[in-house]
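Each remark here refers to the structure printed beneath this line.
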Amino acid sequence: MKQRVQAQLRDRFQRDVVLEKPKDRSFGHYATPIAFSLAKELRKSPMIIADELASSFGESDIFSAVEAVKGYINFRLSESFLDEYASWALGNEDEFGSSDANDKILLEFVSANPTGPLHIGHARGAVYGDTLLRLGRRLGYDIRAEYYVNDAGNQIDLLGLSLQLEGQSSVLNMTVEWPEKYYRGEYLTILAEEAVQKFGTAILTDESRQTELALWAKDGVMELIVEDLAAVNIHFDTFVRESTLYDDWERVLEKIGEGVYEEEGKLWIRSSDHADEKDRVVVREDKRPTYLAGDIVYHNRKYEQGFDHYINIWGADHHGYIARVKAAVEFSGHDSKKLEVLLSQMVSLLKEGQPYKMSKRAGNVILMSDISEEIGSDALRFIFASKKSDTPLEFDVEVLKKQDSSNPIFYVNYAHARIQTILAKSDLDLDEVMAARLLGLNEDADALLFEALLLPEVIDDAFHSRQVQKLPDYLKSLSARLHKFYYDHRIIGNEDEAKMLKLFLVVALSLRTGLSMMGITAKDSM
RNA sequence: GCGCCCGUGGCUCAACUGGAUAGAGUAUCGGACUUCGGAUCCGACGGUUAUAGGUUCGAAUCCUAUCGGGCGCACCA
């Protein structure tokens with residue numbers, strides 16, 4: 001809708017035009033402050049320019065009024081334009097909110113270490129990434145969802161050690177001396193039992209078999225992670241294992257060439273040449289590559305597949321890592337501007353006002369699966385998508401279990417279900433409803449229709465600004481308008497019954513489509 | 001100490017990325033059922049946008065300083 005209006009104005013003014021939604025709806029559907037920016041070049045007051053531009057509009061198919069007010073130019077869309085657009089949307093559900101974008105994007109997210117099930121902090125990045133994925137795909141982008149599995153390095157050794165100790169303690173009933181750092185949790189007990197069945201008890205006590213045990217266990221943990229994600233409707237296209245990358249290390253090292261140097265027996269990358277604070281070690285004195293080395297190969301591999309754009313979603317505690325990875329990308333001969341790193345901030349959880357402190361390595365973690373089971377996948381996804389990903393989020397699980405308007409997912413679903421109920425109750429059949437033209441609507445209906453038709457621009461805006469919370473915000477607002485309209489107007493038996501039902505169909509379409517962008521299936525009854 | 005992010009009604013968050021009178025929810029108080037789902041709706045209360053300067057037609061948004069908070073500053077991932 002907005003694109004069509006903008007295209008029209010671009011022809012008229014011979015320049016790109018910023019379109020806003022006026023604060024006060026009585027001003028019209030759209031407005032532009034273009035006169036303010038023209039004021040400087042034309043050396044005239046914005047008011048006069050706006051007046052002149054507004055009065056230059058003659059008859060138009062899409063505008064019923066164009067007015068200048070205090071320097072703004074306000075546009076009111078014609079009923080026939082809105083009606084035609086609404087009818088098109090209802091007849092082309094899959095294209096409603098799509099665009100002709102077709103860039104190839106590689107989106108990497110979650111990428112949690114395979115050392116334990118996902119916790120609530122991972123859930124946020126997961127929901128953020130998957131929502132972005134769905135929005136982008138709706139717009140037409142060709143996006144691959146990828147998970148980077150860190151199945152090498154110290155944390156895998158620690159997994160083996162932790163599993164042995166856990167097994168010695170809970171399966172073999174031995175007295176165990178716990179080290180300072182180790183993983184803990186129910187999943188280890190289960191894995192230890194499975195390990196005994198598969199390998200015999202010696203696997204738990206023989207230190208020389210720790211690596212063997214760990215390599216087996218990480219696959220089991222990955223299965224848990226995949227299950228945790230599937231429970232909230234998240235699925236990946238590809239999994240890339242860190243352990244498979246190092247074969248390529250020598251070749252990538254050659255590409256980097258002068259970008260690395262040897263000092264103190266170690267290999268360093270000149271990342272300080274590219275905005276990093278200092279150079280970083282990539283190969284230690286004992287020849288073991290650092291974590292960064294894996295990431296260098298991984299990103300080179302990404303780029304060699306020729307995507308137009310690369311998006312990584314990382315926990316906010318990794319923000320210091322961005323500069324060195326971008327530096328590595330440059331040294332490997334690629335354009336680091338194509339790599340976009342988005343951060344997902346901490347989550348703190350309340351339950352009846354009681355805060356939980358979370359920490360992955362310590363015992364007191366909140367499992368993602370516990371929360372998704374407690375409040376349901378839909379509520380979890382809605383709340384996690386509701387706030388800018390780069391600011392901390394705090395919420396109370398009790399609120400999300402409520403069945404009333406304080407629970408946003410309930411509120412939106414209720415709006416959708418209400419529409420289904422009234423459609424079923426009406427004596428009109430679908431053909432009669434669809435045949436109605438949305439002309440001569442009252443002001444409430446016009447406002448509701450317009451809001452329902454905004455979905456495409458919300459999808460576009462939410463994706464391109466990477467701010468997925470705009471979508472749930474919109475759905476709450478559309479639902480509120482629907483509830484109010486429903487309260488104020490009686491539908492069944494109304495002389496405009498067919499029009500109102502068609503209007504409701506458009507609202508339902510936007511609610512349903514919007515929810516599906518969040519991995520949520522709209523409810524037809526509560 | 002250095003770097004990044006952030007300070008908006010009691011609480012949780014918006015504000016179209018520089019635009020019109022800073023909006024929602026929640027909490028508190030008050031109201032609306034002879035009604036298609038009251039699982040809803042309406043009203044009231046509540047703000048010097050942390051503070052002080054600056055930039056311009058116009059600032060919550062940009063710049064500077066101060067105060068306060070989070071995260072990071074590994075040859076861990």
Side-chain angles (χ1 to χ4, degrees), chain A residues 2 18-24 27 30-33 35-37 39-40 45-47 69-72 74 111-113 115 150 152-156 158 181 242 264-268 277-278 280-286 288-295 315-323 343 345-346 348 350 353 360-361 383 386-388 390-396 399 402-408 410-411 413-415 417-418 420-426 454 457-458 461 465 467 469-470 473 476-477 480 482-494 497 500 525-526:
Chain A
K2 189 175 184 178
V18 176
L19 272 190
E20 303 168 349
K21 281 200 291 169
K23 284 253 195 294
D24 187 338
F27 286 133
Y30 288 109
T32 179
F36 292 100
S37 41
K40 248 175 240 166
S45 101
M47 320 263 218
V69 179
K70 287 163 66 182
Y72 286 85
N74 298 325
S111 298
N113 292 341
T115 53
N150 296 125
N154 294 342
Q155 80 276 8
I156 292 300
L158 195 59
K181 281 178 80 177
E242 181 187 358
E264 301 166 12
K266 306 160 209 168
L267 206 57
W268 301 71
E277 292 164 12
K278 51 183 174 184
R280 308 289 172 173
V281 173
V282 290
V283 179
R284 303 173 178 97
E285 215 164 345
D286 60 10
R288 285 159 53 233
T290 63
Y291 177 75
L292 180 59
D295 242 335
D317 54 340
H318 286 61
H319 75 250
Y321 201 76
I322 297 172
L343 300 177
Q345 272 282 4
M346 304 294 130
S348 45
L350 301 173
K360 171 138 191 173
R361 301 258 151 96
I383 189 71
S386 290
K387 197 177 166 185
K388 253 188 252 171
D390 61 355
T391 51
L393 168 72
E394 185 180 83
F395 72 96
D396 194 315
V399 171
K402 288 193 194 165
Q403 299 292 301
D404 62 37
S405 61
S406 63
N407 181 358
F410 177 86
Y411 188 74
N413 265 322
Y414 184 38
R418 261 193 155 159
Q420 306 312 316
T421 307
I422 197 122
L423 283 165
K425 208 152 226 160
S426 169
L454 286 178
E457 48 208 84
V458 173
D461 186 23
S465 66
Q467 301 195 1
Q469 82 281 359
K470 289 169 188 278
D473 281 353
K476 280 187 279 187
S477 156
L482 184 279
H483 284 306
K484 178 162 173 51
F485 187 89
Y486 182 91
Y487 185 85
D488 289 340
H489 302 280
R490 190 174 177 87
I491 315 300
I492 305 286
N494 192 300
E497 182 173 336
M500 287 177 162
S525 65
M526 303 307 291

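The separation between A/H318 atom NE2 and B/rC73 atom P is 9 Å, rounded to whole Å. Here B/rC57 presents its C1' atom at 9 Å from CE of A/M47, a figure rounded to the nearest Å. Going from atom CD of A/Q467 over to atom P of B/rU17 covers 11 Å, rounded to whole Å. B/rU26 atom P lies 10 Å from atom NZ of A/K476, rounded to whole Å. Atom CG of A/D317 and atom P of B/rA74 are 14 Å apart (whole Å). Between the CG atom of A/D473 and the C1' atom of B/rC13 there is a distance of 8 Å, rounded to whole Å. As a whole-Å value, the separation of A/L267 CG from B/rA74 C1' is 17 Å.
Residues A/K2 and A/L19 share a closest heavy-atom pair of NZ-O, 3.4 Å. Closest of all the heavy-atom pairs between A/A35 and A/G71 is CB-O, 3.4 Å. Taking every heavy atom of both residues into account, A/N150 and A/Y291 meet most closely at ND2-CE1, 3.1 Å. When all heavy atoms of A/I491 and A/M500 are compared, the pair lying nearest together is CD1-SD, 3.8 Å. Contact between A/N407 and A/V399 at its shortest, heavy atoms only, is CB-O, 3.6 Å.
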For RNA chain B, what is the dot-bracket line, given that a base pair needs Watson-Crick (N1 to N3, plus N6-O4 or O6-N4) or G-U wobble (N1-O2 and O6-N3) geometry with both distances under 3.5 Å, and | means paired with another strand? (((((((..((((.....[...)))).(((((.......))))).....(((((..]....))))))))))))....

Produce the list of close N/O pairs, under 3.5 Å, pairing protein atoms with atoms of nucleotides 3-12 of chain B; give distances to one decimal.
| from | atom 1 | to | atom 2 | distance (Å) |
| --- | --- | --- | --- | --- |
| B/rG3 | N2 | A/H319 | NE2 | 2.6 |

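Between A/R288 and A/D286, at least one side-chain N (NZ, or NE/NH1/NH2) sits under 4.0 Å from a carboxylate O, which counts as a salt bridge.
Using a 4.5 Å cut-off on side-chain heavy atoms (C-beta onward), A/F410 and A/K402 make no contact. Put simply, the side chain of A/Y414 does not reach to within 4.5 Å of the side chain of A/L482, judged on heavy atoms. Within the 4.5 Å cutoff, side-chain heavy atoms of A/L454 are placed close to those of A/E457. Side-chain contact between A/R418 and A/H483: present, with at least one pair of heavy atoms (C-beta onward) separated by less than 4.5 Å.
Here the separation of B/rA50 from B/rG7, taken at their P atoms, is 8 Å to the nearest Å. Comparing B/rG25 with B/rU21, their P atoms sit 22 Å apart, to the nearest whole Å. Here, B/rG10 and B/rC29 have their C1' atoms 15 Å apart, quoted to the whole Å. Comparing the same atom, P, in B/rC6 and in B/rG18 gives a spacing of 13 Å after rounding to whole Å. B/rC71 and B/rG38: their C1' atoms are spaced 46 Å apart (whole Å). Annotation: B/rU26 and B/rA22 have their P atoms spaced 22 Å apart (nearest Å).
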Using a 4.0 Å heavy-atom cut-off to protein, can you give one letter per nucleotide of nucleotides 38-45 of chain B, 5' to 3': B if the base is in contact, S if only the sugar-phosphate is, - if neither? BBBSS---

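Judged by distance alone, the side chain of A/H319 and the main-chain N or O of A/A316 form a donor-acceptor pair under 3.5 Å. Distance alone, capped at 3.5 Å, places no donor-acceptor pair between the A/E497 side chain and the A/S426 backbone.
Side-chain proximity of A/I422 to the nucleotides B/rA77, B/rG37, B/rC36 is greatest for B/rC36.
Not a single donor-acceptor contact under 3.5 angstrom links the side-chain atoms of A/D295 to the base of B/rA77. Between the side chain of A/E20 and the base of B/rU17, no donor-acceptor pair under 3.5 Å is found.
Base orientation for B/rU64: anti, the chi torsion being more than 90° from 0.
In this model, the phosphate group of B/rG37 is approached by a side-chain N or O of A/K425 to a distance below 4.0 Å at OP1 or OP2.
In terms of position on RNA chain B, the residue among A/N74 and A/W268 whose nearest nucleotide sits closer to the 5' end is A/N74.
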